Amino acid sequence: MHALLQTVAHQSGARLLFIKGPTMSGQGLRNHRTYADVDVLVHPDDLQLLVDALGGIGWHAVASVDAPRLLGNKSVTLSHPGWPSTFDLHYHFPGIFQERTAAFDFLWNRRTQTRVAQVDVPVPDLVSNAVIGALNYLKEPDAAYSATEFPMIVAKLSSLDQDWLQRELDTVADALRARTTIAPLYDSLALESASDLTAAEERAWIVMTTNAGSRTGGWLEELRSVPWSRKPGVLGRALWLSKEELLIQHPETPPTRGAVFALRLTRLRAGLASLPGVLRSYRQARLVRRDRGEE
Amino acid sequence: MTAESWQHSDSLAWVDVPDGIALVDLARLSAETVPLVLTGSAAAIWDAIDGTRSTAQVVEALAQQFDDVDPDDLARSTEHFLHELAERGLVSLRAAD
């Protein structure tokens, strides 16, 4: 699948970098295993070009609901009925606070290559890929894979010259505006770091990483950010998605009135149940900044 | 007489998958393109093609893996499969270097 995607990208002129999965295995940042999806970071200006080119060979976007998500994966997922996996085309990555095009250009200018299925594919350089991999785990610190795979990144980076690593990590983290978000990586490597986010950015990151499985934080943040005149509309959508949207989010639900009604109740209950956790993480974000004397 | 060896097509990409080997021809991408998965003896024949082996040598390599199969049957099936792969443009016989 990597080879196919790279071929299409090359033919269409779309710039992309393969991230996660076997590219990290090839750089010693992750164990070899079977991967479900192929993840790439696409130049924001080239996304539609690539989506159109893939559409020409039968790959189409998977339906999704346009609900606000906290720094959620800005990506398009494409699938093909004859293929077992999907393409996840990311045009931004959570935890990278640099402007999208600038972030991609930085990574693109430092790219290297790895060989997958007899084809050379472009990948971020070792330290950049380590940062992206670390962010992938840090955005969901409670996920099972985070406990096993984050230490592998730390182990690989620990084997490098530490003065060189400090300089490289600083360069990548500064360019991506990811110093704060990869702070646990700096800590694990016993390297020095500093905060580089605004209060709002850091709050969004803390709320997201402490409530990764909850959509409530996304809706709350959306409510905070829109003017008062738009708040009722956002609140209405948060509470009442259409039947079609609910079924996209929960394709396992039969499309009957009863089942959809039960799903609405479950969704509202889950939202209310996650609210205290989201509010706790807002308080946590305030405390973090207060401890640093920034509030 | 020039020695000939079996080679994979240059436009192919393939990877190991849990069931065998999945391959796709990158020169013929279309909406109908799906991975071709080779399993069992088909995957073994694919692996035995290394750009240097002739038909007889591919059969010989397989005979070491499938020593419980009748040698004549093995040779016949292998030759048949090699030509089937060649008809699909996935492999070719080329003059050895």
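Predicted, not measured: the structure shown is a model, and the values here were computed from it. In what follows, every chain begins at residue 1, and chains take the letters A, B, ... in the order their sequences are listed.
Contact of B:L23 with chain A is not made at all, since no heavy-atom distance falls under 4.5 Å. In this structure, chain B has no heavy atom under 4.5 Å from any part of A:H2.
Between A:M1 and B:V15, the closest side-chain pair of non-hydrogen atoms is not below 4.5 Å.
Across all their heavy atoms, A:G82 and B:P35 have their closest contact at O-CD, 3.7 Å.
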Subject >> Chi angles and distances behind the side chain to side chain contact (heavy atoms under 4.5 Å, CB included) call for B:L26, A:Q6 >> reply: CA-CA 10 Å; B:L26 300 173; A:Q6 170 57 19; over 6 Å; no
Original post:
When you look at B:L29 and A:L4, which way does the side chain to side chain contact (heavy atoms under 4.5 Å, CB included) test go after all the steps?
Top reply: CA-CA 8 Å; B:L29 295 179; A:L4 183 150; 4.0 Å; yes
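Looking only at distances, no side-chain donor or acceptor of B:W14 sits under 3.5 Å from a matching main-chain atom of A:Q118.
Around CZ of B:R88, the count of heavy atoms belonging to other residues, nucleotides or ligands within 6.0 Å does not exceed 12.
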